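Here the structure is laid out as structure tokens; the discussion comes afterwards.
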Amino acid sequence: MQRKKKTFRFSASPKGRQSFVPKQNGVKKAPPVQFEFTGLGKQDEQPGFTKEVEQKPHFAKKEELILTGATPDTLPPPSARPVKAGAQKKQPGRRGRPKAAGKEKAPEKAPEAAVVVKKTGHERDAAPGPAGKQKKAPAHVKPAGRPAGRPGKKRSVKAGINPSPPVSDLKKGRVILVSIDEYEHRVAIMEDGKLTQFFLSRSDRQIGSIYKGRIINVLPGMSAAFVNIGLERNAFLCMDDALFSKSDVDPEELRRLSIRDILKVNQETLVQVVKESVGTKGARVTTNLTLPGRYMVLLPRVKYIGVSRKIEDPRERERLRKLAQSVRPKDMGIIIRTAASGKKKGDLSADVKSLVGKWEDLQQKAGETSAPALIHQELSMLYKTIRDLFTSDTRALVIDSREEYFKAIEMLESIGGGKLLPHVYLYDEMRSMFEDLGVEDDLEHLLARKILLPSGGSILIEKTEAFTAIDVNTGSFVGKKYIGETILKTNLEAAEEVARQLRLRDIGGVIIVDFIDMEHSKDRNRLMHAQTAALKRDVTKAYCVEMTELGHVLITRKRIGRDLDEMMRQTCPHCGGKGKILSANTMAIKLAREVKHFSKETSADMILIEANPAVALQLLSWEGEELKRLETLTGKQLFLRAQPQFPQERFELSNIKPRNFGKNVILLNPGETFDIFIDWAAPPDSRNGIGIRGGNIVEIEDGGHLNGKSVTVTVIEAGRHRVRAKLEE
């Protein structure tokens, strides 16, 4: 039976979806709409059909199609070719086809049409396919955008992670370790397994941040002004830092200006923090704004070109200076950074373009914001580490956070550091990177006062408000030949360690190093050369002054913010920052004087003395004779009670009223048994131990060897000042 012929009209909906509409009893002439095939041919060999529709379309008018790239080999099969209305479709024949042995081979099934069309003149491309099936966009179709929440281009979770090498390999060369958790961000730089630099971040980043501030007060006598930038304390802006906002004024005229000619009260201005607030001092700010990039620093308000001093090759400096001149934005300045050494013009130009765009965004935000307000937050420690410290001489950058690892990958790609991607590693998140590599042990001794040198010598570091003093000692090192060699070797080791400690602790300001005195000038010159070379490895500016005849070397290092000691320590509440307290003997003498003075001012018959156990024991070491003498002199009854929670320099004297005696004083009775902790041996007889019970000092016979243990005792003698007890078996 002959099949009934059907013809189809191919149309496109307004949204770009296609449909095939069957027409019975002939074909009506369709409106003249042009379409074009995006490709024809066999799949996988050249653009062609895939199974996207169930019916094979027939077109009424061949003239309505523009077949592109169609050749005899790439034309669709007969079932998919357009035919004239009413024409008989020719069945495919078997002529020329190979036959299988014994039976005919079935004719090849014509590939079903996967018609991908583009409506001529329309903005939207169309990719037909069955409903509910994901369709692959053609090559010329660009996606409208990534779905919301989809990450940008980066390594996949499985294929993109670069696991860290063994711990032994991380102890070779220069390695940067980044440890990030919910408490703080830490960065450690290791050189051959030795900690050389350490950075810590806990609070909001101030240094480098740009604020829109309001002038609160102008002080001509100090040539400075105070600026409200929204922090707890007003920022300090000196005359020199304020002149950059008047860069269009003649330099000769600037010298004659006063701070009041530049700044007015309630004036709004953009400032950048150069030194964060320390103690009672507010942050120091400047109007000379800088925007650091990977290869250069943009100076939006000055016309200046500079090259990093760490680039010492004269030819390279001159080459970079010429490149900087060609890429420098109009009416702006740039400083070439050390990382730009060996880079081409395209790298510098891309960096400048990015910084200029950031400056324009910053200006727009400042114009829409009222002071005081934060305009630009300094970047995170991870970004600064990658931008400033991660260079080609770094063997590995190891991060112990998966999230920050992928951020580092994106940062490197954004700043053109693709060549460094193979050196970025993710540490096993189930382990502690700092503990495995020994960094935690180094941090335990990082703020120690005394640092041992390899040969047996040592250096002592004392930090004061005005400067930092470092003393060098030979210690146990006695040398092998003569004293001059011993001293020189100790000083050379100390010079390296001094430079390392300045970097580790981020010590700034004035540093005085008291080296061991050397007789020969050649030894002093050698030491100065070694100290200068060691300081050159510091990314912070440090300058070494000539050695004095007494062996003192003056070092100045730029102070930017709080050093590590200020971040990790606080002033001792007991000594008030002095570092030492009065001895127990001194406090016992002072206490005795205060008792005599207090007794003259009170009419009470009983006085309660509360003091630190060490001070109380000092009184009792006199076998109670001093307390008995004080009672005779004052005519009062004295009750001594030890208070372990009291600092050594604290004691209290108070009256005891008879009705409140039981509340203030707890007396022990002979025969009473209890458990007690032995804190120390009894002076002067160390065979006995000492413990505290209800403020009473209890001396345990033959308990000195049980110091630090809890024992059971029974009271054998109880008095107002001393209690004696024995150990229970």
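Small disclaimer: the values here were computed from a predicted structure and weren't measured. Just so it is clear, the values below take in all heavy atoms, side chains as well, and ignore hydrogens, waters and symmetry mates.
In this structure, R317 and R309 approach most closely via the heavy-atom pair NH1-CA, 3.8 Å. Scanning all heavy atoms of the two residues, the minimum distance from A495 to L527 falls at CB-CD1, 3.9 Å. The minimum heavy-atom distance linking E496 with A534 is given by the pair OE2-CB, 4.0 Å. For the pair M190 and L177, the tightest heavy-atom approach, listed with the atom from each and the gap, is CG-CD1, 3.9 Å. Shortest non-hydrogen contact noted between I399 and A408 is CD1-CB, 3.6 Å. Of all the heavy atoms in T490 and N473, the pair that sits closest is CG2-O, 3.7 Å.
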* Would you please test L397 and V178 for side chain to side chain contact (heavy atoms under 4.5 Å, CB included) and show each step? => CA-CA 8 Å; L397 171 66; V178 181; 3.8 Å; yes
* Derivation of the side chain to side chain contact (heavy atoms under 4.5 Å, CB included) call for L421 and I409 -> CA-CA 7 Å; L421 288 177; I409 298 297; 3.7 Å; yes
* To do: I would like to know whether F226 and L219 meet side chain to side chain contact (heavy atoms under 4.5 Å, CB included); could you show each step before the answer?
  => CA-CA 8 Å; F226 287 99; L219 306 175; 3.3 Å; yes
* Give the C-alpha distance, both sets of side-chain angles, the deciding distance and a yes or no for side chain to side chain contact (heavy atoms under 4.5 Å, CB included) between I555 and Q531. => CA-CA 10 Å; I555 299 174; Q531 185 68 84; 4.1 Å; yes
* Asked: When you look at S308 and R337, which way does the side-chain hydrogen bond (donor to acceptor under 3.5 Å, both in side chains) test go after all the steps?
  -> CA-CA 5 Å; S308 171; R337 308 189 68 178; over 6 Å; no
* Verdict with supporting geometry, R186 and E440, salt bridge (Lys or Arg N to Asp or Glu O under 4.0 Å) -> CA-CA 11 Å; R186 299 183 294 175; E440 292 290 359; 3.1 Å; yes
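In this structure, the separation between CZ on R387 and OG on S380 is 9.5 Å, given to the nearest 0.5 Å. The distance from the CG atom of L535 to the CG atom of L502 is 6.5 Å, given to the nearest 0.5 Å. Atom CZ in R328 sits 14.0 Å away from atom CG in L323 (nearest 0.5 Å). In this structure, CD in Q501 is found 10.5 Å from CG in L564, a value given to the nearest 0.5 Å. Note: R284 CZ to C238 SG = 4.0 Å, rounded to the nearest 0.5 Å. Atom NZ of K322 is separated from atom CD1 of I305 by 12.5 Å, given to the nearest 0.5 angstrom.
Taking the side chain as every heavy atom from C-beta outward, D331 and R301 never approach each other to under 4.5 Å. In this structure, the side chains of I451 and S458 stay at 4.5 Å or more apart for every pair of heavy atoms. The closest side-chain heavy-atom distance from P329 to V352 is below 4.5 Å. K345 is listed as a side-chain neighbour of S326, based on a closest heavy-atom distance under 4.5 Å. Annotation: side chain of D400 is not in contact with side chain of Y405 (no heavy-atom distance under 4.5 Å). By the 4.5 Å heavy-atom criterion applied to side chains, I210 and L362 are counted as neighbours. Using a 4.5 Å heavy-atom threshold, the side chains of Y425 and L170 count as separate. H423 has its side chain within reach of F390: a pair of non-hydrogen atoms, C-beta onward, lies under 4.5 Å apart.
The backbone N or O of V513 lies less than 3.5 Å from no partner atom in the side chain of D471, so there is not a single donor-acceptor pair. Checked by atom type and distance alone, the side chain of D351 never pairs as donor or acceptor with a backbone atom of G293 at under 3.5 Å. No side-chain donor-acceptor contact under 3.5 Å links D514 to the backbone of H552. Put simply, the side chain of S341 never gets that close to the backbone of T338: no donor and acceptor are under 3.5 Å apart. Under a 3.5 Å cut-off, the side chain of S354 and the backbone N or O of A350 do not form any donor-acceptor pair. In this structure, the side chain of R321 does not engage the main chain of Q325 through any donor-acceptor pair within 3.5 Å. Looking at R395, its side chain does come within 3.5 Å of a backbone N or O of D169 through a donor-acceptor pair. The backbone N or O of L446 sits less than 3.5 Å from a side-chain atom of R505, completing a donor-acceptor pair. A donor-acceptor contact shorter than 3.5 Å links the side chain of T287 to the backbone of D241. E316 places a side-chain N or O within 3.5 Å of a backbone atom of G342 that can act as its donor or acceptor partner.
Counting only N and O atoms by type, the side chains of T391 and D393 include a donor and acceptor under 3.5 Å apart. Residues T286 and Q272 have side chains that never bring a donor and an acceptor to within less than 3.5 angstrom of each other. Looking at R500 and T196, their side chains never bring a donor and an acceptor atom within 3.5 Å of each other. For the 3.5 Å distance criterion, the side chains of D436 and Y427 qualify, holding a donor opposite an acceptor.
Under the 4.0 Å criterion applied to side-chain N and carboxylate O atoms, K407 and E404 are assigned as salt-bridge partners. In summary, R557 and D506 engage in a salt bridge, as defined by a charged side-chain N under 4.0 Å from a carboxylate O.
Counting non-hydrogen atoms of neighbouring residues, nucleotides and ligands closer than 6.0 angstrom, the CZ atom of R526 reaches no more than 12 such neighbours. The number of heavy atoms from other shown groups lying within 6.0 Å of NZ (K353) does not exceed 12.
F198 pairs by the ring pair (Phe, Tyr, Trp, His ring centres under 6.0 Å) definition with nothing, not counting sequence neighbours. Shown here are the side-chain hydrogen bond (donor to acceptor under 3.5 Å, both in side chains) partners of D313, two or more places apart in sequence or in another chain: there are none.
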